Amino acid sequence: MNLTEKTFGHQEQLKILLDSFNNLKFPHSWIFNGNKGIGKYKTLIEFIKNVTKNDFKFNQNIYNLNSEDKPALINDIRAIINQINLTNNVDDKKTFIIIDNSEHLNSNCFNALLKTIEEPPSNTIIIIITHDIRKIPRTIISRCIKLNFKNLIYDEFKKYLNSQDKQINENLIKEFFIISKGCPGL
C-alpha cells in the first residue's frame, strides 16, 4: 500500500510535500491550514513515515506540541527549542516539530518560536497546524510555506468511512457527509 492509498483526499498537498522533499528543497517551516477534522495531522504523519522509510526510530524524530489534552506553554516551546538545538546535528535524519491547534498558542509562545522559525537547526522541520489562520501572527505566517487543506469530497469521505473496518450503509454515509461537511474527524 503506498502513501496515496493510506491518505484520503489531500493528494495535491501530498504531491507538493513529496516533490519538495525529493527535490531537496524542503522548506523548514510550514503552516497546514484547514478545517478541524479533515486529516491534516494524519496526512502529515503518513508523509513523515514515508520520507523516513518507516524507520523503527520514527517517533524519536517527532516532537508534538499543543495537543488538546496538553496545551503548550512558553516553557514547553523553550524546552523543545533547546532540545533540538542540542541534539539535531547528530545525523542526517530530519527532526519534525508538530504544533497542532496552534491558534490556541499565546503571543509569548509565538515569540519564542519565531527565532527558531527564522534560523532553525539544519535538520529541523517545523509544521504548524491551524484551524484558523487568522489567529496566527503575520510574522509567523510570512516565514512559513502555507499549505491549505480542503474538506473531503463525497467519494473521499466514503472511502475513508469504508476503510474503518465496517461497511456503512450508503444513506448513512450521505447523512454523515452532510452533517460533517466533509470533515471525517468530526
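Small disclaimer: the values here were computed from a predicted structure and weren't measured.
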Which pairs of donor and acceptor atoms, one on a side chain in residues 33-41, lie under 3.5 Å apart (sequence neighbours left out)?
{"from": "Asn33", "atom 1": "ND2", "to": "Asn148", "atom 2": "OD1", "distance (Å)": "3.0"}
{"from": "Asn35", "atom 1": "ND2", "to": "Asn151", "atom 2": "OD1", "distance (Å)": "2.8"}
{"from": "Lys36", "atom 1": "NZ", "to": "Glu68", "atom 2": "OE2", "distance (Å)": "2.2"}
{"from": "Lys36", "atom 1": "NZ", "to": "Asn101", "atom 2": "OD1", "distance (Å)": "3.4"}
{"from": "Lys40", "atom 1": "NZ", "to": "Gly34", "atom 2": "O", "distance (Å)": "3.0"}
{"from": "Lys40", "atom 1": "NZ", "to": "Asn35", "atom 2": "O", "distance (Å)": "2.8"}
{"from": "Lys40", "atom 1": "NZ", "to": "His131", "atom 2": "ND1", "distance (Å)": "3.1"}
{"from": "Tyr41", "atom 1": "OH", "to": "Asn64", "atom 2": "OD1", "distance (Å)": "3.1"}
{"from": "Tyr41", "atom 1": "OH", "to": "Asn64", "atom 2": "ND2", "distance (Å)": "3.3"}

Backbone N/O of [Y] and side chain of [X]: donor-acceptor pair under 3.5 Å:
| X | Y | value |
| --- | --- | --- |
| Asn82 | Ala79 | no |
| Thr116 | Ile81 | no |
| Asn22 | Leu18 | yes |
| Asp100 | Asn66 | no |

Can you confirm whether or not the ring centre of Phe47 sits under 6.0 Å from the ring centre of Phe26?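 Centroid separation for Phe47 and Phe26: below 6.0 Å.
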Quick one, [X] and [Y] - any side-chain contact, counting heavy atoms below 4.5 Å?
| X | Y | value |
| --- | --- | --- |
| Tyr63 | Ile84 | yes |
| Trp30 | Leu44 | no |
| Ile77 | Leu65 | yes |
| Thr124 | Ile97 | yes |
| Glu46 | Asn50 | no |
| Lys135 | Asp132 | yes |
| Ile127 | Ile31 | no |
| Pro137 | Ser107 | no |

Flag if over 12 foreign heavy atoms under 6.0 Å of CD, Glu12: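 Counting other residues, nucleotides and ligands, CD of Glu12 stays at 12 neighbours or fewer.
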Reported [atom1]-to-[atom2] distance for the pair [X] and [Y], which is rounded to 0.5 angstrom:
| X | Y | atom1 | atom2 | value |
| --- | --- | --- | --- | --- |
| Ile136 | Ser102 | CD1 | OG | 3.5 Å |
| His28 | Lys94 | NE2 | NZ | 11.0 Å |
| Ile80 | Thr95 | CD1 | OG1 | 9.0 Å |
| Ile128 | Ile99 | CD1 | CD1 | 5.0 Å |
| Ile133 | Arg138 | CD1 | CZ | 10.5 Å |
| Asp76 | Cys109 | CG | SG | 7.5 Å |

According to a 4.5 Å side-chain heavy-atom criterion applied to Ile, Leu, Val, Met, Phe, Trp and Tyr, with indirect links allowed, do Leu172 and Phe177 form part of one hydrophobic cluster? yes
What is the ring orientation for Phe149 with Phe32, classed by angle as parallel under 30°, tilted 30 to 60°, or perpendicular over 60°? tilted
For a side chain to side chain contact (heavy atoms under 4.5 Å, CB included) with Phe96, tell me which candidate from Ile45, Val51, Ile126 qualifies.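 That would be Val51.
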Is any NZ, NE, NH1 or NH2 atom of the basic residue among Glu119 and Lys115 found under 4.0 Å from an Asp or Glu carboxylate oxygen of the other?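 Yes, charged N to carboxylate O under 4.0 Å.
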Side-chain ion pair, Glu170 and Lys158, N-O less than 4.0 Å: yes
